[in-house]
Every structure is written in structure tokens, then in C-alpha cells.
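Heads up, the thing below is written out as C-alpha cells.
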Amino acid sequence: MVHVHHRKDPVIQGGPRFGLVVSKQVGNAVTRHAVSRKLRHVVVERELVDKLERSVDVVIRALPPAAAATTDELARDLEKALDKAQKKR
């Protein structure tokens with residue numbers, strides 16, 4: 001699940017910001033940390049930062065099926081969810 005917010009505050013500088021939410025519903029601490037690492041890897045490797053406006057805040061909420069997903073599956077799901085969230089704007 002992805003939420004996108006466009007900042008209007010000119011004080012905040014820098015590129016798009018990403019936040020991760022991986023709750024205990026996803027699994028134990030080891031599983032949650034692994035899912036977080038995979039999601040951070042996807043954001044950097046797939047260059048999602050370069051595809052977004054600088055004024056965007058993105059919150060990625062991992063759902064329980066993310067615990068069993070591969071990095072490629074997470075990447076596909078994240079890109080699809082990000083496109084969908086941006087179209088809602």
C-alpha cells in the first residue's frame with residue numbers, strides 16, 4: 001500500500017522522501033527487517049527517487065504477504081502501487 005503526498009512547504013528541500021511502515025502483522029523482527037531492507041533496495045535500485053518530483057513524500061506500508069515476497073515481486077507491486085497513487089492526485 002502506497003500513499004503519496006505533495007508538499008507545498010518551500011522550506012523543506014531535497015528529493016522525494018520515502019517512509020516505510022512494516023508492522024508486526026508482517027512477521028517477527030527479523031522478517032520485518034528483511035522486508036524493510038528489500039523495500040529500501042527497490043527504491044534505490046529501481047531509481048524511484050529519480051522518477052518522482054522533489055516535493056513528494058511517499059509512505060510505503062508493507063502488508064503481511066510482503067513477508068513471503070521476493071525482491072522482484074515487491075518491486076513490481078511497489079511500482080504499480082506508486083503509479084496508482086500518483087494518478088489519484
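Since the structure is predicted, the reported quantities are computational estimates derived from the model, not experimental observations.
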Check your understanding: Should Arg17 and Val58 count as side-chain neighbours, where that means a heavy-atom distance under 4.5 Å?
Key -> no
Task: Trace of the side chain to side chain contact (heavy atoms under 4.5 Å, CB included) decision for Val26 with Leu63 - done: CA-CA 6 Å; Val26 174; Leu63 299 176; over 6 Å; no
Report the C-alpha separation of Phe18 and Leu52 in whole Å, then their side-chain angles, then the decisive distance to 0.1 Å, and conclude whether the side chain to side chain contact (heavy atoms under 4.5 Å, CB included) test is met. CA-CA 11 Å; Phe18 286 84; Leu52 297 171; 3.5 Å; yes
ask   = Do other residues, nucleotides or ligands put more than 12 heavy atoms under 6.0 Å from the CD atom of Gln25?
value = no
Output for pair (Lys38 NZ, Glu73 CD), nearest 0.5 Å, gives 8.5 Å
Are the side chain of Arg54 and the backbone N or O of Pro16 linked by a donor-acceptor pair below 3.5 Å? no
Would a single hydrophobic cluster contain both Val43 and Val59, if residues Ile, Leu, Val, Met, Phe, Trp and Tyr are joined by side-chain heavy-atom contacts under 4.5 Å?
no
To the nearest 0.5 Å, atom NZ of Lys24 lies from atom OG1 of Thr31 at 13.5 Å
Smallest heavy-atom separation, Ala67 atom then Val35 atom, equals CA-CG2, 3.8 Å
query: Checking side chain to side chain contact (heavy atoms under 4.5 Å, CB included) for the pair Val56/Val4: CA distance, chi angles, key distance, verdict?
result: CA-CA 7 Å; Val56 173; Val4 175; 3.6 Å; yes
The reported gap from CD1 in Ile60 to CG in Leu82 (rounded to nearest 0.5 angstrom) is 7.5 Å
CZ (Arg37) and NE2 (His41) are apart, to the nearest 0.5 Å, by 11.5 Å
Rounding to 0.5 Å, atoms CG (Leu39) and CZ (Arg61) come to a distance of 13.0 Å
